[in-house]
Amino acid sequence: MASVRDVVDQVRRGHLQVGQARSVVNTMAMRQNNWTLGAFCESYCRIVTGHHTLEDRSVFPYLRRREPGLAPVLDRLEEEHEVIADVLDRLDRALVALVDEEGYGQGALDALEELGRSVDLLTDTLLSHLSYEERELVGPLARHGFG
């Protein structure tokens, strides 16, 4: 996320052109060197969604049965999963809006600003969520062999 944020900021400040930014993002991909910013973000978003789905459908129900006292923690994490899904949707819409705008007119600048805000929101939301999850679930997950 820090790397994506830096690339977006460089484009915003005029230090990188969109094509150059795409080249930088392409080098971030571990498996495919031809990813675009949208594909990179889409892949990341898919991983987050898959991770949360696995937790909601398997890990959290298991922990609820084994450690009923974790219910408030698990409730909060599940609620945060819904919030994060909304934030991911916002990021996706911002990427689409940026692609829809051609050139360097005001519409493109506005779309780029919205993309930056969406990346900021996703970063803040995910880091807060992951910090809480790790703090509260490291012990229980280890006790039940998820570590």
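Values below: all heavy atoms of this structure, side chains included; hydrogens, waters and symmetry mates excluded.
With sequence neighbours excluded, the residues satisfying side chain to side chain contact (heavy atoms under 4.5 Å, CB included) with D9 are R5, R12, R13. Partners of R57 by side chain to side chain contact (heavy atoms under 4.5 Å, CB included), not counting sequence neighbours, listed by chain and number: T53. Partners of D124 by side-chain hydrogen bond (donor to acceptor under 3.5 Å, both in side chains), not counting sequence neighbours: none found. Take R143 and apply the side chain to side chain contact (heavy atoms under 4.5 Å, CB included) test, not counting sequence neighbours, and it matches E67, P140.
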Quiz item: Could you go step by step and tell me if E133 and E55 meet the side chain to side chain contact (heavy atoms under 4.5 Å, CB included) rule?
Solution: CA-CA 11 Å; E133 183 175 304; E55 287 178 335; 2.6 Å; yes
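Inter-residue side-chain proximity for R76 and P72 is flagged as unmet; no heavy-atom pair is nearer than 4.5 Å. A heavy-atom distance below 4.5 Å is found between the side chains of R64 and D75.
Other residues sharing the hydrophobic cluster of L77, ordered by chain and number and joined by side-chain separations under 4.5 Å: V59, F60, Y62, L63, L70, V73, L74, Y132, L137, L141, F146. Counting Ile, Leu, Val, Met, Phe, Trp and Tyr side chains that sit under 4.5 Å apart, directly or through other members, L54 stands alone, with no cluster partners.
Across every non-hydrogen atom of A94 and L115, the tightest pair is CB-CA, 3.8 Å. Contact detail for L88 and V48: the closest heavy-atom pair is CD1-CG1, 4.1 Å.
Atom CG of L127 is separated from atom CG of L122 by 8.5 Å, given to the nearest 0.5 angstrom. In this structure, NE2 in H51 is found 9.5 Å from CG in D56, a value given to the nearest 0.5 Å.
Using a 4.0 Å cut-off between charged nitrogen and carboxylate oxygen, R117 and E114 count as a salt-bridge pair.
The aromatic rings of H52 and H81 lie parallel to each other, their planes meeting at an angle below 30°, with 60° marking the opposite boundary.
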